Protein chains: 2
Amino acid sequence: MATMHDVARLARVSVSTVSYVLTGARPISQATREKVRAAMAELDYQPHAMARGLASRRSRILGLLLPIDERGMGATETAFVTGAASAASAAGYHLVLSPVDADDLDGLRRLASQRMLDGALLMEVQLEDDRVAVLREAGVPLVLIGRTGDTTGLSYVDIDFDRTVRDAVAHLVGLGHRRIVYVNHSATTIAEGYGPALRTRDAFAAAMAEHGVEPLMIPAEDSAAGGRAALDTAFDRAPDLTAVLAMNESAVFGILSGLAGRGLTVPDDVSVVSMVTSPQVAELATPALTAMTSPGSALGRIAVEALLCHLEQDSAPIHQQLLPCTLEVRGSSGPSGRPTGDAAGDDEQETQPAAALPRDGGPRGVPARYSRGEW
Amino acid sequence: MATMHDVARLARVSVSTVSYVLTGARPISQATREKVRAAMAELDYQPHAMARGLASRRSRILGLLLPIDERGMGATETAFVTGAASAASAAGYHLVLSPVDADDLDGLRRLASQRMLDGALLMEVQLEDDRVAVLREAGVPLVLIGRTGDTTGLSYVDIDFDRTVRDAVAHLVGLGHRRIVYVNHSATTIAEGYGPALRTRDAFAAAMAEHGVEPLMIPAEDSAAGGRAALDTAFDRAPDLTAVLAMNESAVFGILSGLAGRGLTVPDDVSVVSMVTSPQVAELATPALTAMTSPGSALGRIAVEALLCHLEQDSAPIHQQLLPCTLEVRGSSGPSGRPTGDAAGDDEQETQPAAALPRDGGPRGVPARYSRGEW
DNA sequence: ACGGTCTGTCGAAACGCTTCGACTAAGCGC
DNA sequence: GCGCTTAGTCGAAGCGTTTCGACAGACCGT
């Protein structure tokens with residue numbers, strides 16, 4: 001392997017000159033630069049990552065800290081990871097996958113003190129997450145995926161659950177549905193303070209209230225059986241339901257089969273919309289699921305870019321961004337045929353001032369569902 | 001951050017002594033060792049990864065080379081990745097995720113010459129894969145996930161497709177099925193020489209022949225619609241079919257819905273077995289899919305361990321290992337009720353000598369399906 | 001008492017790069 | 001023509017480890 005010395009010798013310049021050609025840290029004349037470039041090409045020179053890292057104190061390695069999660073990653077997380085990896089790679093960085101047990105704070109501290117990571121992405125952030133404090137103390141620039149309860153001074157990217165739920169509810173209300181059941185994660189998951197479950201619960205209540213209809217939430221275990229059980233409960237408590245909004249990818253398949261078991265057709269009798277779902281999974285169902293498609297890989301990319309900003313100039317402002325899931329209408333949602341016969345329900349929607357819409361929301365006064373393509 | 005110098009000063013020894021305490025490369029007296037340990041603890045010393053890497057010429061970083069694949073990773077690949085990451089982490093190594101376009105050989109060469117990777121795992125290996133040659137030239141120790149056509153001198157781990165198909169077929173034949181259709185990946189995928197599609201195709205033909213029944217393979221696009229289409233073709237060509245074995249996770253859901261559309265019940269009228277499937281996905285279907293569960297995370301772990309062997313002692317023998325998917329019987333397979341009425345079909349199975357079983361196969365002479373738990 | 005092997009320790013030279021200070025010319029305003 | 005800045009280059013000092021050769025002493029058989 002050729003080193004910088006070899007290049008310098010061949011180009012008849014000093015090592016530092018070669019380095020400056022590479023990094024651009026100081027001006028180098030056109031002529032010299034070309035000589036050096038030629039020498040590098042001839043020797044097939046590649047800078048030695050470790051040496052560069054040691055000297056410059058920057059490893060060009062980013063850490064993706066994922067909790068060791070026995071049940072494994074879902075499609076959304078996977079998309080996130082690959083998105084982050086591509087973005088890092090495109091920027092000339094490497095992404096290391098570090099599984100750290102969520103409560104192995106010592107392990108995390110050790111990892112951080114090895115000075116191998118220029119920065120880190122923290123996945124599956126809890127509302128209260130000690131890992132954040134550990135990494136901050138260790139001086140590791142950080143971007144969260146998800147949010148802690150208190151986000152002051154922290155950069156994060158997360159799904160805009162509020163907007164996502166609103167869009168989903170607007171879609172269903174727009175189709176004439178009034179009795180909509182929200183199937184959330186399990187009761188214990190909610191009790192543990194799992195952010196997405198709590199945020200969507202509240203957003204659902206708010207969105208329904210804005211449309212003047214009553215919210216009903218049912219928790220469900222993350223499984224097909226859990227979904228079926230939740231459906232039974234749902235019919236107990238709201239026999240006239242015409243639509244189900246489900247947070248829970250596994251449960252939604254149980255709901256589908258539960259409906260079929262009751263002799264109900266989707267979407268003619270009951271509409272089903274799945275939250276935070278990947279197209280691949282949505283297409284598995286019959287009919288294919290109308291779903292809020294998670295911005296998995298975009299989240300990954302944005303998180304990496306935000307982190308890189310912090311690295312390039314440490315005065316960079318903190319980056320806090322929410323991305324909504326986008327509605328993709330497939331076969332599992334349709335007009336409500338049954339109870340209420342009233343036109344569409346646009347009026348209720350107007351009662352929500354446009355000011356409540358997130359930054360990039362459509363033109364003022366236009367309800368969200370019209371400003372977003374429903375391909 | 002404390003350095004080795006600080007530790008050495010505090011412990012009143014030389015830096016090299018500290019180093020020897022850490023690496024064990026030379027004997028150090030009990031007393032000194034404890035002094036040094038104490039100093040390290042007091043200063044909260046952590047070795048600097050880059051410096052160590054530069055001096056020792058070993059980065060303790062492994063690369064996971066995954067092709068940039070727009071349609072993303074499936075559950076099996078994801079499990080593989082997390083398995084590999086945990087194994088690496090447990091061994092004190094880091095795993096970097098390097099998305100490299102499958103035909104960007106220059107990019108790969110560049111990556112390899114940065115000397116950042118001690119070794120690499122190559123995912124989604126094709127039957128002909130130039131990346132292998134590139135990495136070998138660059139002198140990067142390598143373990144393949146999957147196999148090239150010619151595997152001489154190469155270490156790999158892969159799914160034992162042959163055995164997996166055999167076990168699946170044995171399960172169905174044992175249930176009395178005679179007319180079994182194999183739904184493979186798409187015709188173009190097969191034409192491109194995608195290993196798993198070819199290997200399972202051949203294994204299916206062989207397994208069926210051993211049972212004295214005629215094989216029928218239908219290619220299908222990787223989608224629910226593709227599965228439905230394949231099912232139509234299947235019924236055209238074999239109206240009396242009683243079982244479907246499907247390679248293709250997406251297609252299998254289409255097959256299920258296609259069967260329902262024809263008024264056929266699973267498993268009473270037709271049994272369905274899915275190949276290389278994760279439990280999570282299998283549970284989504286109704287009824288839950290009897291499936292060959294892929295050993296995703298075990299593959300990852302084993303691959304990493306094999307790679308580490310090559311690093312520790314470069315004389316290590318090449319490691320070639322196949323892991324079968326394990327049959328998990330759920331609700332989608334059952335006894336064939338319809339055409340043939342003959343007992344079970346054990347006799348045909350015995351014609352395959354046990355010698356063909358891989359290393360850890362059950363006791364000799366016992367058919368595979370009895371030696372494996374069917375929980 | 002004498003080489004000879006071990007054990008335990010040290011100092012210094014790498015490892016391959018970045019970066020700082022210094023120096024030389026050249027270009028500029030006045 | 002004077003000092004001043006600026007462009008372009010060099011040499012050397014790190015960065016924090018590992019590792020090699022050297023060496024002092026202890027322990028051995030003879």
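Values below: every heavy atom of this structure, side chains too, minus hydrogens, waters and symmetry copies. Everything numeric here is computed off the predicted structure, so don't read it as measured data.
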Residues B/Leu127, B/Asp150; criterion side-chain contact (heavy atoms from CB on, under 4.5 Å); working and verdict: CA-CA 8 Å; B/Leu127 286 179; B/Asp150 175 12; over 6 Å; no
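- A donor-acceptor distance shorter than 3.5 angstrom exists from the side chain of B/Asp118 to the backbone of B/Ser59, with no hydrogens or angles considered.
- What separates CG of B/Asp6 from C1' of D/dC15 is a distance of 13 Å, to the nearest Å.
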side-chain contact (heavy atoms from CB on, under 4.5 Å) between B/Tyr20 and B/Ser16, worked out: CA-CA 6 Å; B/Tyr20 291 132; B/Ser16 45; 4.0 Å; yes
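- In this structure, A/Ile68 and A/Pro99 approach most closely via the heavy-atom pair CG1-CB, 3.9 Å.
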Identify each atom pair where a protein N or O and an N or O of nucleotides 13-17 of chain C are less than 3.5 Å apart, giving names and distance.
| unit_1 | atom_1 | unit_2 | atom_2 | d |
| --- | --- | --- | --- | --- |
| C/dC17 | OP1 | A/Tyr45 | OH | 2.5 |
| C/dC17 | OP1 | A/His48 | N | 3.1 |
| C/dC17 | OP2 | A/Met4 | N | 2.5 |

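- The local environment of CD in B/Glu312 is crowded, with over 12 non-hydrogen atoms from other residues, nucleotides or ligands closer than 6.0 Å.
- Between B/Lys35 atom NZ and C/dG8 atom P there is a gap of 13 Å when expressed in whole angstrom units.
- Considering every non-hydrogen atom in both A/Leu154 and A/Ile318, the closest pair reads O-CD1, 4.0 Å.
- In this structure a side-chain-to-backbone donor-acceptor pair under 3.5 Å is missing from B/His48 to A/Met116.
- Exactly one residue among B/Thr32, B/Val7, B/Val21 makes a side-chain contact (heavy atoms from CB on, under 4.5 Å) with B/Arg37. That residue is B/Val21.
- Each of A/Leu111, A/Ile145, A/Val140 was compared with A/Leu65 under the side-chain contact (heavy atoms from CB on, under 4.5 Å) criterion, and only A/Leu111 meets it.
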Would you tabulate the pairs of protein nitrogen or oxygen atoms and nucleotide nitrogen or oxygen atoms of nucleotides 5-9 of chain D closer than 3.5 angstrom?
| unit_1 | atom_1 | unit_2 | atom_2 | d |
| --- | --- | --- | --- | --- |
| D/dT9 | OP1 | A/Ser29 | OG | 3.0 |
| D/dT9 | OP1 | A/Thr32 | OG1 | 2.3 |
| D/dT9 | OP2 | A/Ser29 | N | 2.9 |
| D/dT9 | OP2 | A/Ser29 | OG | 3.2 |
| D/dT9 | OP2 | A/Thr32 | OG1 | 3.0 |
| D/dT9 | O4 | A/Arg26 | NH1 | 2.7 |

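- Taking the C1' atoms of five terminal pairs at each end of the helix from C/dA1-D/dT30 to C/dC30-D/dG1, the two resulting helix axes are inclined by 30°, rounded to 10°.
- The separation between B/Arg60 atom CZ and D/dT17 atom P is 14 Å, rounded to whole Å.
- In this structure, the side chain of A/Gln46 does not engage the main chain of A/Met1 through any donor-acceptor pair within 3.5 Å.
- Separating the CD atom of A/Gln114 from the C1' atom of D/dG16 is a distance of 14 Å, rounded to the nearest angstrom.
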